[in-house]
Asks: 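Please read through the structure below; I'll follow up with questions.
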Protein chains: 2
Amino acid sequence: MLYIKCIFGGVKKTMTRSEENYIKSIYHLDKVESAMVSTNAIAEEMQTKPSSVTDMVKKLSEKGMVNHKRYKGVSLTEIGRKAALSIIRKHRLWEVFLVEKLDFAWDEVHEVAEQLEHIKSDALIEKLDAHLGFPRVDPHGDPIPSKDGEFKKVIKKLLSEVEIGAEGVCVGVKDSSTPFLKFLDKNKIAINDYIKTIEKEEFDGSLYIEVNGRKVHISNQIASNLYLEIKEAE
Amino acid sequence: MLYIKCIFGGVKKTMTRSEENYIKSIYHLDKVESAMVSTNAIAEEMQTKPSSVTDMVKKLSEKGMVNHKRYKGVSLTEIGRKAALSIIRKHRLWEVFLVEKLDFAWDEVHEVAEQLEHIKSDALIEKLDAHLGFPRVDPHGDPIPSKDGEFKKVIKKLLSEVEIGAEGVCVGVKDSSTPFLKFLDKNKIAINDYIKTIEKEEFDGSLYIEVNGRKVHISNQIASNLYLEIKEAE
DNA sequence: ACATATTTTTAGATTAGTCTAAATATTTAT
DNA sequence: ATAAATATTTAGACTAATCTAAAAATATGT
């Protein structure tokens with residue numbers, strides 16, 4: 001009775017690093033093709049052999065993290081999904097840290113974040129989240145799940161397409177080429193910055209905006225490569 | 001020939017987490033009693049059985065990290081010592097991060113730092129060091145080894161005992177009781193802060209100091225519980 | 001100095017995560 | 001529908017890190 005309660009209540013299972021990586025892979029594959037995930041696909045994603053996958057899937061199934069019928073593929077249980085999102089949350093928060101605080105380039109952070117995501121400490125990740133100002137998205141523009149495993153539904157629009165007066169958090173770039181990212185860097189515009197639109201120059205479509213309170217003038221080309229998060233009400 | 005060069009040149013051996021922990025334990029034990037380190041002592045420190053230690057010592061010995069003669073105890077080689085200091089450097093830098101940036105209490109950081117110290121990325125640790133302003137000591141006042149495995153020799157004096165006009169980095173506390181630490185917190189005096197002595201009030205020994213440019217008046221009791229790093233020349 | 005106690009090592013087993021090779025189930029193509 | 005191709009699982013083995021129990025070396029006390 002108590003046991004049942006523990007499992008379905010909020011008690012965390014301690015997962016090994018390998019288990020965590022499998023769960024994460026299964027989550028990502030599940031997203032792409034929303035059917036059952038195949039053994040081979042997991043093996044491919046994890047860079048292991050299918051037989052290793054079968055073993056691990058058996059283990060995860062016994063732990064209640066995945067559903068599995070022999071020869072029929074795998075899907076995450078609710079517990080497994082929560083676990084995956086917890087790891088993804090850590091990964092993405094660490095990526096924000098690496099880029100915003102340690103000045104890594106956005107395309108240099110993945111490998112290190114793959115290690116950092118396995119650090120076990122709830123206090124750490126909550127304090128990190130606060131330290132970073134509760135960012136909505138990681139440096140690639142991917143949304144950061146909340147503590148309890150939900151994504152805030154992010155509705156994003158190109159800056160060039162919002163009406164004047166609209167404001168919101170910059171949640172992504174359309175063009176992720178190096179020159180464009182360098183431009184943003186030079187002009188101190190970064191993902192998760194708060195942007196207000198002030199005025200549009202009609203004849204060339206350029207925009208006067210405020211980035212974290214600082215006034216900036218950007219061309220239409222720039223504006224049409226930046227995504228703004230739009231609030232529900234808008 | 002090339003092989004030899006590689007070993008003695010700066011080529012890093014990839015160490016497992018367990019190997020790193022053994023090397024660190026041996027380093028700490030070596031510090032305390034500067035003779036050979038015993039198998040039992042390592043087992044005690046690592047919370048394992050002596051037979052496990054024998055196995056690991058054999059492995060580390062083959063990798064050239066420790067010297068070992070059967071039944072005679074263990075000592076670190078130069079390579080092993082460097083490896084130990086590299087791990088300690090990471091541990092202590094992470095501790096500074098946790099306390100200064102994430103607001104952990106100084107006595108809450110050890111467990112998490114034990115995990116973070118094993119993250120493998122040179123770029124990460126150098127960028128972290130810069131982000132933290134190249135701290136000299138960790139939140140416990142222990143010195144942080146440099147990148148190449150040296151300690152900057154820290155000569156420390158109680159703030160109450162330096163002559164007026166002296167300045168330096170606050171590198172430790174004598175009293176580490178909670179009330180004292182709370183006091184420091186409230187008065188925004190922290191380890192690694194830069195402190196200048198301005199004037200001493202003769203009749204009660206209280207001190208006027210500057211902490212990172214901000215003027216503060218502290219009693220003699222406070223001054224006699226804070227350590228300042230004194231430059232060679234002084 | 002020698003018997004006893006302690007320390008260290010060896011031998012053999014265990015677990016997690018992986019592998020290869022073989023067996024079995026499912027899917028696909030004719 | 002059935003043979004061939006593909007996917008999945010099982011069986012058995014390997015490595016790293018650990019353990020227990022027994023053997024061997026060293027240290028200690030009278």
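Below, chain A is the first sequence line, B the second, and so on; all start at residue 1.
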Asks: Nearest whole Å is fine: how far is dA16(C) P from Asn21(A) CG?
Replies: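 The answer, rounded to whole Å, is 17 Å.
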Asks: Taking CE from Met56(B) and P from dT10(C), how many angstroms apart are they, rounded to a whole number?
Replies: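 Rounding to the nearest Å, CE of Met56(B) and P of dT10(C) are 16 Å apart.
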Asks: With sequence neighbours excluded, give me every salt bridge (charged side-chain N to carboxylate O under 4.0 Å, His left out) pair touching residues 175-186 of chain A.
Replies: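 Residue pairs with at least one partner in residues 175-186 of chain A: there are none.
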Asks: Heavy atoms only, 4.0 Å cut-off, all strands: where does Ser18(B) land among base, sugar-phosphate and nothing?
Replies: sugar-phosphate
Asks: Quick one: which residue pairs count as a salt bridge (charged side-chain N to carboxylate O under 4.0 Å, His left out) with a foot in residues 115-125 of chain A, not counting sequence neighbours?
Replies: Lys12(A)-Asp122(A), Glu20(A)-Lys120(A), Lys24(A)-Glu117(A)
Asks: Are a donor atom and an acceptor atom from the side chains of Asn21(A) and His118(A) found within less than 3.5 Å of each other?
Replies: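 Their side chains do contain a donor-acceptor pair, which is all the 3.5 Å distance test asks for.
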Asks: Let me know the distance between CZ of Arg17(B) and P of dA16(C), rounded to the nearest Å.
Replies: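 Arg17(B) atom CZ is separated from dA16(C) atom P by 18 Å.
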Asks: Counting just side-chain N and O atoms, does Tyr22(A) come under 4.0 Å of either OP1 or OP2 of dT18(C)?
Replies: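 Affirmative; the distance criterion is met.
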Asks: Taking only residues at least two apart or on different chains, which pairs with a member in residues 72-94 of chain A satisfy ring pair (Phe, Tyr, Trp, His ring centres under 6.0 Å)?
Replies: His91(A)-His110(A), Trp94(A)-Phe97(A)
Asks: In this structure, how many angstroms lie between the C1' atom of dT9(C) and the CD1 atom of Ile42(B), rounded?
Replies: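 In whole Å, dT9(C) C1' lies 14 Å from Ile42(B) CD1.
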Asks: Round to a whole Å and report the spacing from CG of Asp55(B) to P of dT18(D).
Replies: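 Taking atom P of dT18(D) as the reference, CG of Asp55(B) is at 9 Å.
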Asks: Which atom pairs link the protein and nucleotides 4-8 of chain C when you take only N or O atoms and keep those under 3.5 Å?
Replies:
| from | atom 1 | to | atom 2 | distance (Å) |
| --- | --- | --- | --- | --- |
| dT8(C) | OP2 | Asn40(B) | N | 2.7 |
| dT8(C) | OP2 | Asn40(B) | OD1 | 3.4 |

Asks: Output every pair passing salt bridge (charged side-chain N to carboxylate O under 4.0 Å, His left out) with a member in residues 86-99 of chain B, not counting sequence neighbours, ordered by first then second residue.
Replies: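 Listed by first then second residue: Arg89(B)-Glu126(B), Arg89(B)-Asp129(B), Arg92(B)-Asp138(B).
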Asks: How many whole angstroms separate atom CE of Met46(A) from atom C1' of dT18(C)?
Replies: 11 Å
Asks: Would you list the pairs meeting salt bridge (charged side-chain N to carboxylate O under 4.0 Å, His left out) in which at least one residue belongs to residues 70-79 of chain B, sequence neighbours left out?
Replies: Glu78(B)-Arg81(B), Glu78(B)-Lys82(B)
Asks: Once hydrogens and angles are ignored, does a donor-acceptor distance under 3.5 Å link the base of dT18(D) to the side chain of Ser51(B)?
Replies: no
Asks: Whole angstrom is fine here: how far is it from NZ in Lys58(B) over to C1' in dT18(D)?
Replies: 15 Å
Asks: Send over the distance from Glu20(A) CD to dA16(C) P, rounded to a whole Å.
Replies: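 Whole-Å distance recorded here is 16 Å.
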Asks: Output yes when at least one side-chain N/O atom of Thr48(A) is less than 4.0 Å from OP1 or OP2 of dT18(C), else no.
Replies: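 Negative; the distance criterion is not met.
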Asks: Counting only N and O atoms by type, is there a donor-acceptor contact under 3.5 Å from the side chain of Ser25(A) to the main-chain atoms of Ile42(A)?
Replies: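 No; judged by distance alone, with no hydrogens or angles, the pair does not exist.
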